[in-house]
Amino acid sequence: MKVGLFIPCYVDQFYPGAAIACLQLLEKLGVDVVYPKNQTCCGQPMANSGFEHLTGGCNDLFIKNFSGFDYVVGPSGSCVLHLKEHLHNHDNPEIATTLSNKLYEFTSFLTDVLKVKTLPARFPHKVGVHQSCHGQRGLHLSQMTELVAPEFSKPGSLLKMVKDIELVHLNRKDECCGFGGTFCVAEEAVSSKMGKDRVEDHLHNGAEYITGVDMSCLMHMEGILRRQGSKVKVLHIAEILNGE
């Protein structure tokens with residue numbers, strides 16, 4: 001099995017530790033991983049701002065970089081969902097469809113493809129799990145609380161394999177953090193208030209760390225935590241699952 005590692009631009013620039021943890025854990029699990037070095041933005045910021053018609057170059061480059069792999073894995077529910085729903089090629093639509101069907105968010109790849117049952121990780125801390133909207137409602141990584149349906153969480157099932165971790169109970173476990181990509185720029189006040197409410201839920205319930213599948217959401221909450229002078233830290237879930 002050969003996997004192409006897709007690293008979103010903000011992870012590459014601001015949180016390389018999350019990308020390294022993804023690579024290391026996949027290799028520990030016996031996966032042959034390749035990182036195409038000329039990859040760049042998937043085009044989601046432009047599409048979210050109403051300029052999807054300008055993302056053709058991003059689509060073409062992504063297809064060029066990743067078409068030759070058995071699977072493509074990325075540590076971002078947001079970027080993965082964008083590509084699965086919007087990746088296209090006017091000259092060869094089939095190649096884009098085939099590639100989008102091979103694209104997986106990191107935790108769903110571990111649970112659905114590798115079917116991981118045990119992990120050697122240890123993380124002796126109280127951890128709050130943020131269910132990002134794109135991952136939960138778009139990729140169905142976890143159940144939505146408004147549905148009368150059996151509960152499940154792919155990220156949660158993996159975290160429960162980690163030794164000595166304590167997952168804290170949140171009052172509103174699937175509430176949006178308010179980041180929303182360009183939403184936090186266009187609606188700064190609303191975004192900030194939503195973020196403060198989301199952070200407060202974690203603080204109130206004793207979290208020492210906040211984790212999730214999207215560093216974009218965690219980055220938003222990290223900024224709020226720093227401005228509040230909080231000692232609570234954020235970590236991408238891969239960094240916890242890869243711990244020893």
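From a predicted model like this one, the values you see are computed outputs, not experimental measurements. One-based numbering along the sequence shown.
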Participant: For residues H236 and P75, report the shortest heavy-atom separation together with the two atoms involved.
Facilitator: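 Heavy atoms of H236 and P75 come nearest at NE2-O, 3.2 Å.
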Participant: Does R198 reach the side chain of I224, with side-chain heavy atoms less than 4.5 Å apart?
Facilitator: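 Counting from C-beta outward, R198 and I224 never come under 4.5 Å.
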Participant: Looking only at heavy atoms, what is the nearest atom pair of D214 and S76, with distance?
Facilitator: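 So the minimum-distance heavy-atom pair works out to OD1-OG, 3.2 Å.
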Participant: Are side-chain heavy atoms of L25 and F106 found at a separation under 4.5 Å?
Facilitator: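 Yes, side chains in contact.
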Participant: Between F123 and Y209, is the ring centre distance below 6.0 Å?
Facilitator: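 Under 6.0 Å, so yes.
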Participant: Can you establish whether the number of heavy atoms outside E27 located under 6.0 Å from its atom CD is more than 12?
Facilitator: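 Counting neighbours around CD of E27, more than 12 heavy atoms of other residues, nucleotides or ligands fall under 6.0 Å, so yes.
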Participant: To the nearest 0.5 angstrom, please state how far the OG1 atom of T111 sits from the CD atom of E105.
Facilitator: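 Between T111 OG1 and E105 CD, I get 8.0 Å after rounding to 0.5 Å.
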Participant: Kindly state whether the ring of F66 and the ring of F62 have centres lying under 6.0 angstrom apart.
Facilitator: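 Judged by ring-centre distance (under 6.0 Å), F66 and F62 do meet the cut-off.
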Participant: Are M219 and V129 connected, step by step, through hydrophobic side chains (Ile, Leu, Val, Met, Phe, Trp, Tyr) whose heavy atoms are closer than 4.5 Å?
Facilitator: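 Cluster IDs for M219 and V129 match.
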Participant: With heavy-atom distances below 4.5 Å as the criterion, would you say the side chains of K84 and L139 are in contact?
Facilitator: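 Yes, at least one pair of side-chain atoms sits under 4.5 Å.
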Participant: Using the side chain to side chain donor-acceptor pair (under 3.5 Å) rule, pick out the option among Q131, E151, K154 that qualifies with S142.
Facilitator: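 Result for side chain to side chain donor-acceptor pair (under 3.5 Å) with S142: Q131.
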Participant: Do the non-hydrogen side-chain atoms of R122 and I165 ever get within less than 4.5 Å of each other?
Facilitator: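 Heavy-atom side-chain distance check fails, nothing below 4.5 Å.
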Participant: So which heavy atom on C79 is nearest to which on P8, and how close?
Facilitator: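 Result for this residue pair: SG-CB, 3.7 Å.
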Participant: Can you confirm whether V199 sits close enough to L225 that some side-chain heavy atom of one is under 4.5 Å from a side-chain heavy atom of the other?
Facilitator: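 Yes. Closest side-chain heavy atoms under 4.5 Å.
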Participant: Please say yes or no: joined through hydrophobic side-chain contacts below 4.5 Å, possibly via intermediate residues, are L87 and F51 part of one cluster?
Facilitator: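 No, no single cluster joins them.
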Participant: So, R137 and E146, do they make that salt bridge, N to O below 4.0 Å?
Facilitator: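 Looking at E146 together with R137, the answer is yes, because their closest N to O distance falls below 4.0 Å.
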Participant: How far apart are the closest heavy atoms of C22 and L5, and which atoms are they?
Facilitator: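 Shortest heavy-atom separation between C22 and L5 comes out as CB-CD1, 4.4 Å.
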Participant: Provide the closest heavy-atom pair for A121 versus I240 in the form atom of the first, atom of the second, distance.
Facilitator: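 Closest heavy-atom pair between A121 and I240: CB-O, 3.5 Å.
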Participant: State whether the side chain of T97 and the backbone N or O of P93 hold a donor-acceptor pair below 3.5 Å, judged by distance alone.
Facilitator: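 Indeed, once roles are kept as given, a pair shorter than 3.5 Å links the two residues.
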Participant: May I ask whether M194 and M221 are part of the same hydrophobic cluster, defined by side-chain heavy atoms of I, L, V, M, F, W, Y residues being less than 4.5 angstrom apart, directly or through others?
Facilitator: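 No; M221 is not reachable from M194 via cluster members.
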Participant: Between the main-chain N or O of N171 and the side-chain N or O of D201, is there a donor-acceptor pair closer than 3.5 Å?
Facilitator: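 Answer holds: yes.
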Participant: State whether the side chain of T98 and the backbone N or O of E94 hold a donor-acceptor pair below 3.5 Å, judged by distance alone.
Facilitator: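 Yes.
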Participant: Show, in sequence, the C-alpha distance, side-chain angles and deciding distance for H202 and H204, and conclude whether the ring pair (Phe, Tyr, Trp, His ring centres under 6.0 Å) test is met.
Facilitator: CA-CA 6 Å; H202 289 270; H204 177 75; over 10 Å; no
Participant: Which heavy atom of G74 sits nearest to which heavy atom of V80, and what is that distance?
Facilitator: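 So the minimum-distance heavy-atom pair works out to O-CG2, 4.0 Å.
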Participant: Pick one: which of S132, S153, S108 meets side-chain contact (heavy atoms from CB on, under 4.5 Å) with L141?
Facilitator: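 With L141 as partner, side-chain contact (heavy atoms from CB on, under 4.5 Å) holds for just one option, S108.
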Participant: Side chain of K233, backbone of E208: donor and acceptor closer than 3.5 Å?
Facilitator: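 Judged by distance alone, no pair lies under 3.5 Å.
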Participant: Are V168 and V213 connected into the same hydrophobic cluster when the rule is that any two of I, L, V, M, F, W, Y join if their side-chain heavy atoms are below 4.5 Å apart?
Facilitator: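 No, because V213 and V168 fall into different hydrophobic clusters, even though each may have its own neighbours under 4.5 Å.
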Participant: Count I, L, V, M, F, W, Y as connected when their side-chain heavy atoms are under 4.5 Å apart, and connections chain through other members. Are V127 and L110 then in the same cluster?
Facilitator: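 Looking at the clustering, L110 is in the same group as V127.
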Participant: Does R226 CZ have over 12 foreign heavy atoms under 6.0 Å away?
Facilitator: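 No - once you tally the heavy atoms of other residues, nucleotides and ligands closer than 6.0 Å, there are 12 at most.
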Participant: For H82, enumerate each residue passing the ring-ring contact (aromatic ring centres under 6.0 Å, His included) test, keeping only those at least two apart in sequence or located in another chain.
Facilitator: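 Once residues adjacent in sequence are excluded, the partners of H82 under the ring-ring contact (aromatic ring centres under 6.0 Å, His included) criterion are H86.
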Participant: Between E175 and D197, is there a side-chain heavy-atom distance shorter than 4.5 Å?
Facilitator: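 Yes, side chains in contact.
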Participant: Please examine the side chains of L119 and K163, heavy atoms only from C-beta on, and report whether any two atoms are closer than 4.5 Å.
Facilitator: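 In short, these two side chains do not touch, never coming nearer than 4.5 Å.
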Participant: A side-chain contact here means heavy atoms from C-beta on lying under 4.5 Å apart; do L218 and F179 qualify?
Facilitator: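 With C-beta onward as the side chain, the pair stays apart.
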Participant: Please determine whether the number of non-hydrogen atoms from other residues, nucleotides or ligands lying under 6.0 Å from atom NZ of K126 exceeds 12.
Facilitator: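 At most 12 heavy atoms, drawn from other residues, nucleotides or ligands, come within 6.0 Å of this atom.
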Participant: May I ask you to decide whether K64 forms a salt bridge with D60, counting only side-chain N to carboxylate O separations under 4.0 Å?
Facilitator: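 The answer is no: the pair does not qualify as a salt bridge.
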Participant: Could you check whether any side-chain N or O of T55 sits under 3.5 Å from a backbone N or O of E52, counting only pairs where one atom can act as donor and the other as acceptor?
Facilitator: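 Present.
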Participant: Quick one: does any side-chain atom of D174 pair with a main-chain N or O of M144 as donor and acceptor, under 3.5 Å?
Facilitator: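 Answer holds: no.
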Participant: Compute whether any side-chain donor of one residue and acceptor of the other, for Q24 and N242, lie under 3.5 angstrom apart.
Facilitator: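 Per modelled atom types, Q24 and N242 side chains form a pair under 3.5 Å.
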Participant: Suppose we screen for ring-ring contact (aromatic ring centres under 6.0 Å, His included). Which residues come up paired with Y15, at least two apart in sequence or across chains?
Facilitator: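 ring-ring contact (aromatic ring centres under 6.0 Å, His included) list for Y15, sorted by chain: empty.
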Participant: Does any N or O in the side chain of T211 come within less than 3.5 Å of the main-chain N or O of I237, such that one atom is a donor and the other an acceptor?
Facilitator: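 Present.
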Participant: Any ring pair (Phe, Tyr, Trp, His ring centres under 6.0 Å) involving residues 135-177? Give me the pairs, sequence neighbours left out, ordered by first then second residue.
Facilitator: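 Not a single pair qualifies under ring pair (Phe, Tyr, Trp, His ring centres under 6.0 Å).
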